[in-house]
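Let me begin by presenting the structure, written as structure tokens, before commenting on it.
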Amino acid sequence: MSIVAQNEADLSITGINNLLERHYEAGWKYSFDCRPSCALYYIISGTLTVIIPQGECILTEGDVGVFDADIPMTLENRGTDLLASYQISFFTDRNLSETGLPTVIPKASDMRTRFASAYEGYISRGIGYRLRARAAISELLATLLAKQAGEEQGRSSKRLSALLSYIGEHYAEDLSLPVLSRKVGYSPSHLRELFREELGISPVRYVNRLRIERASALLHEDIPVWRVAELVGFPNANYFSRIFRAETGMTPVEYKRTCL
């Protein structure tokens, strides 16, 4: 199951607090000692400064802010222009941060119509308006999750592509799983999963296959097997022979004879 699908299935909206469209003059400031509900903010125009326990974040036009319940929060318009925003506050069975959504989703101007639609449906106060509002918020969250997952996948693909280029240039160096993980900023388990999803093999197997490919070319030359092992990054000739045989069906010595 994908991350998005899993998070959608696990997160339930248990109640609606309010849906608002608000305009604040320069210098406006408001603080919550402990906001009881989760909140989504969409900035129509201006700049909103939000101070939460994790630090200070800045929301500008087109940004979406994602905030958990039960945290102190201060909102400020520190700019000189009017601040306009949609604000949706609601209750869930767990914090939004647990879904993987970041506190700030920048440049999400495509979400404006969804926020506006949810707000207008709520203030209409027609029959079943709270049910419609809950459905609208669920759809909004699902869209944000899908958007974030797509962007994360794009970033992962770029990181993987860069890492494969690095491996291709540095195959003779230490390319253990911890070293590769630090190179891309992922945990070893995350990197292993990414390799299996994108390439169908583990990072270690990928590196070994590349080294065997490079070694096969060198074995055509007048270079001892032990030296070939060193040149392509294997720690010793015995390990090199074992991996070479596993990948090609013959030992390096047997392969070298076929090249004569």
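Note: hydrogens, waters and symmetry copies are ignored here, and every other heavy atom, side chains too, is used. In this text, all values refer to a predicted model and were calculated from it rather than measured experimentally. Sequential numbering from 1 along the given sequence is applied to the chain's residues.
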Sequence neighbours excluded - salt bridge (charged side-chain N to carboxylate O under 4.0 Å, His left out) pairs with any residue from residues 202-211: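 Those involving residues 202-211 are R205-E247, R209-E247.
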
Selection residues 166-192 - residue pairs positive for salt bridge (charged side-chain N to carboxylate O under 4.0 Å, His left out), sequence neighbours left out: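 Every pair satisfying salt bridge (charged side-chain N to carboxylate O under 4.0 Å, His left out) with a residue in residues 166-192: there are none.
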
Report the residues that fulfil side chain to side chain donor-acceptor pair (under 3.5 Å) with [X], sequence neighbours left out, ordered by chain and then residue number.
{"X": "S89", "value": "N17"}
{"X": "Y24", "value": "Q87"}
{"X": "R245", "value": "none"}
{"X": "N95", "value": "none"}

Which residues satisfy the ring pair (Phe, Tyr, Trp, His ring centres under 6.0 Å) test with [X], sequence neighbours excluded?
{"X": "W226", "answer": "none"}
{"X": "H170", "answer": "Y166"}
{"X": "Y122", "answer": "Y129"}

For residues 108-120, please give each side-chain donor-acceptor pair under 3.5 Å, one per line with the distance, not counting sequence neighbours.
none

Geometric class of the Y41/F67 ring pair [parallel <30°, tilted 30-60°, perpendicular >60°]: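 Taking Y41 first and then F67, their aromatic rings stand perpendicular (interplane angle over 60°).
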
Results of side-chain contact (heavy atoms from CB on, under 4.5 Å) for S187 - residues two or more places apart only: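 So S187 forms a side-chain contact (heavy atoms from CB on, under 4.5 Å) with S189, H190.
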
Where at least one partner belongs to residues 46-56, residue pairs that pass side-chain hydrogen bond (donor to acceptor under 3.5 Å, both in side chains), sequence neighbours excluded: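 Output for this query lists E56-R78.
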
Under 3.5 Å: donor-acceptor pair, side chain of K256, backbone of E221: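 Side chain of K256 to backbone of E221: a pair is present.
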
E193/R196 ion pair, N-O < 4.0 Å: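 Looking at E193 and R196, the cut-off is not met.
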
Hydrophobic cluster membership, I243 vs V228, 4.5 Å side-chain cutoff: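 Yes; tracing contacts between hydrophobic side chains, which count when under 4.5 Å, links both residues.
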
